[in-house]
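Here's the structure, in structure tokens; my notes come after.
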Amino acid sequence: MNAGIDPEGDAGYLLYGDALFRKHRKKGWAYVGSPVPALEAPVADTHAHLAMLSHPALSLARCAVVGVDFVCAMCDPAEGDECERTYRDLDIWRAEALRLLPEVFEATRRNVTAERESLEAQAHAAGKKHAGQAAEAAVLLESVAVDERACNLCWGAEPAIPHMRIACGVHPHVASQWDADMEAALLERLADPRTAALGEVGLDYHYDLSPRDVQQNVFRRQVQLAHVTGLPLVLHVRDAHEDAFRILEEEGWPEAGTLLHCCSVGPDELARWVERGAHVAFGGAVTFQRSDDLRASSAMVPAERLLTETDAPYMAPVPFRGIECGPEFTIFTAGRIAEVRGVAPGEARRALLQQMHDAGVAFLNREPTEWQRAHADIARDAR
Ligand SMILES: [Zn+2]
């Protein structure tokens with residue numbers, strides 16, 4: 001699976017084929033420990049553009065090892081063949097991930113041993129003169145041991161390739177492509193029972209890639225379609241919360257719920273969304289150094305509506321910024337949110353993680369709506 005992969009590329013895991021995490025250094029890739037101690041409960045990635053990853057199946061196999069057991073794949077009928085591939089290949093990616101899993105475990109075990117030997121040598125060489133370096137190596141050593149335990153644990157258990165659902169919607173960036181054909185294509189996808197939400201839809205005044213009045217019209221229409229189809233909405237809102245909130249007030253908030261994806265606002269703006277019952281998802285941005293306002297927001301959302309996500313392949317959490325992000329990176333974001341909420345590892349963190357996981361799964365792993373059942377015949381057969 002490593003053939004032809006550029007070692008200087010942006011997806012280091014392809015080189016190693018294991019479930020460890022590495023960041024890019026000048027000379028190749030450097031091992032980065034998983035959260036220590038290991039997370040006590042499974043984690044859900046509620047927003048991943050899986051079709052855009054270099055190797056979706058390998059990423060799903062890595063998810064199985066590190067404990068990400070649910071992924072919602074995002075797609076957009078206006079974005080080339082991304083949508084087609086997502087619906088067509090979803091089951092293929094999962095089957096391929098299952099096939100890869102033994103190899104991934106084996107590579108993980110082998111590389112854990114190699115990393116441990118090299119870190120032990122480094123810690124030894126650093127000695128007293130470089131106490132800081134030695135301490136750093138000791139911390140990494142501990143996380144290597146955690147990886148090994150996690151690996152051994154999963155080895156004997158049922159492999160949990162993530163359960164997957166799909167969200168489909170026309171992004172505000174491409175709103176200017178909206179027409180009757182686009183709406184018909186979207187409805188065909190929404191009728192597929194694997195579709196769990198309409199999204200991501202909304203307004204983006206940061207990039208302004210479509211005219212604002214067009215963005216608003218297309219968003220308004222898709223809010224109406226959420227009412228028609230009975231599906232919840234996944235919202236992408238950037239520098240446009242005033243207008244997005246107003247349109248939702250005018251059209252009515254979907255009964256099936258609303259998910260504010262990639263929360264980008266502080267508690268002052270977020271308060272009214274939470275009051276309106278919105279679910280709120282946090283991605284890698286919550287780990288960025290300058291994101292104090294996002295961290296404050298992640299602390300104020302009630303745990304039963306607090307979700308984790310990646311926005312893969314974008315927004316890799318610290319310390320992986322700039323490299324390709326897969327759904328398995330959600331564990332770093334989940335760990336950081338627990339820290340921000342002052343929840344210590346152990347039973348308290350297990351409870352919070354389980355609650356966030358269950359909130360994401362409950363929101364997205366839903367039964368087909370009445371509309372979906374009635375329109376199953378229009379779902380485009382992509383299998
Ligand atoms: Zn997205």
Side-chain angles (χ1 to χ4, degrees), residues 10 43-54 56 59-60 63 68 70-87 90 93 162 164-175 177-178 186 189-190 194-210 215 218-219 222-223 226 231-241 244 257-265 273 278-288 291 294 307-317 320-330 333 360 363-364:
D10 51 7
V43 171
D45 181 2
T46 57
H47 193 116
H49 299 269
L50 218 64
M52 295 166 86
L53 294 182
S54 308
S59 183
L60 291 175
C63 284
V68 175
F70 180 86
V71 177
C72 183
M74 309 301 299
C75 67
D76 185 333
E79 294 274 17
D81 69 343
E82 181 200 24
C83 202
E84 184 70 31
R85 279 190 293 131
T86 301
Y87 281 89
L90 196 71
W93 290 330
M164 299 196 57
R165 297 296 296 264
I166 305 175
C168 188
V170 175
H171 197 284
H173 286 347
V174 288
Q177 292 184 43
W178 182 274
L186 174 61
R189 296 307 189 187
L190 297 182
R194 293 171 296 173
T195 308
L198 202 176
E200 57 194 302
V201 303
L203 303 172
D204 192 317
Y205 295 173
H206 181 77
Y207 288 106
D208 274 330
L209 295 184
S210 286
Q215 289 191 42
V218 172
F219 176 45
Q222 292 183 98
V223 176
L231 289 166
L233 273 181
V234 177
L235 299 179
H236 170 109
V237 184
R238 193 143 178 220
D239 297 348
H241 289 74
T258 306
L259 162 52
L260 193 57
H261 133 75
C262 192
C263 178
S264 60
V265 290
W273 297 80
H279 285 61
V280 187
F282 293 85
V286 84
T287 70
F288 298 173
S291 298
L294 292 189
L307 311 184
T308 49
E309 65 167 34
T310 54
D311 210 5
Y314 312 110
M315 303 280 274
F320 305 100
R321 293 194 69 177
I323 71 170
E324 183 180 300
C325 178
E328 65 273 28
F329 287 75
T330 319
T333 302
F363 190 81
L364 290 165

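Keep in mind that the numbers below use all heavy atoms, side chains included, and drop hydrogens, waters and symmetry copies. Counting starts at 1 for both ligands and their atoms, in listed order.
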Item to complete: Quick one: pull up CG in Leu231 and CD in Gln222 and give me the separation to the nearest 0.5 Å.
Response: 12.0 Å

Practice prompt. Would you check if the Zn ion (ligand 1) lies under 2.8 Å from any N, O or S atom of His171?
Written response: no

Item to complete: Round to 10° and report the angle made at the Zn ion (ligand 1) by OD1 of Asp311 and NE2 of His47.
Response: 90°

Discussion item. For His261, is there any backbone N or O sitting under 3.5 Å from a side-chain donor or acceptor partner on Glu200?
Written reply: no

Discussion item. Check for me whether Arg194 meets the cation-pi criterion with Tyr87, that is, NZ or CZ under 6.0 Å from the six-membered ring centre and within 45 degrees of the ring axis.
Written reply: no

Worksheet item: Under 4.5 Å between any side-chain heavy atoms of Leu235 and Phe219, yes or no?
Response: yes

Discussion item. Suppose we only count N/O/S atoms under 2.8 Å; would His261 qualify as near the Zn ion (ligand 1)?
Written reply: no

Practice prompt. Taking the Zn ion (ligand 1) as the reference point, name the nearest N/O/S atom of His49.
Written response: NE2

Worksheet item: Looking at Glu200, which of its N, O or S atoms is the nearest one to the Zn ion (ligand 1)?
Response: OE2

Worksheet item: Between His171 and Glu79, does any side-chain donor sit less than 3.5 Å from a side-chain acceptor?
Response: no

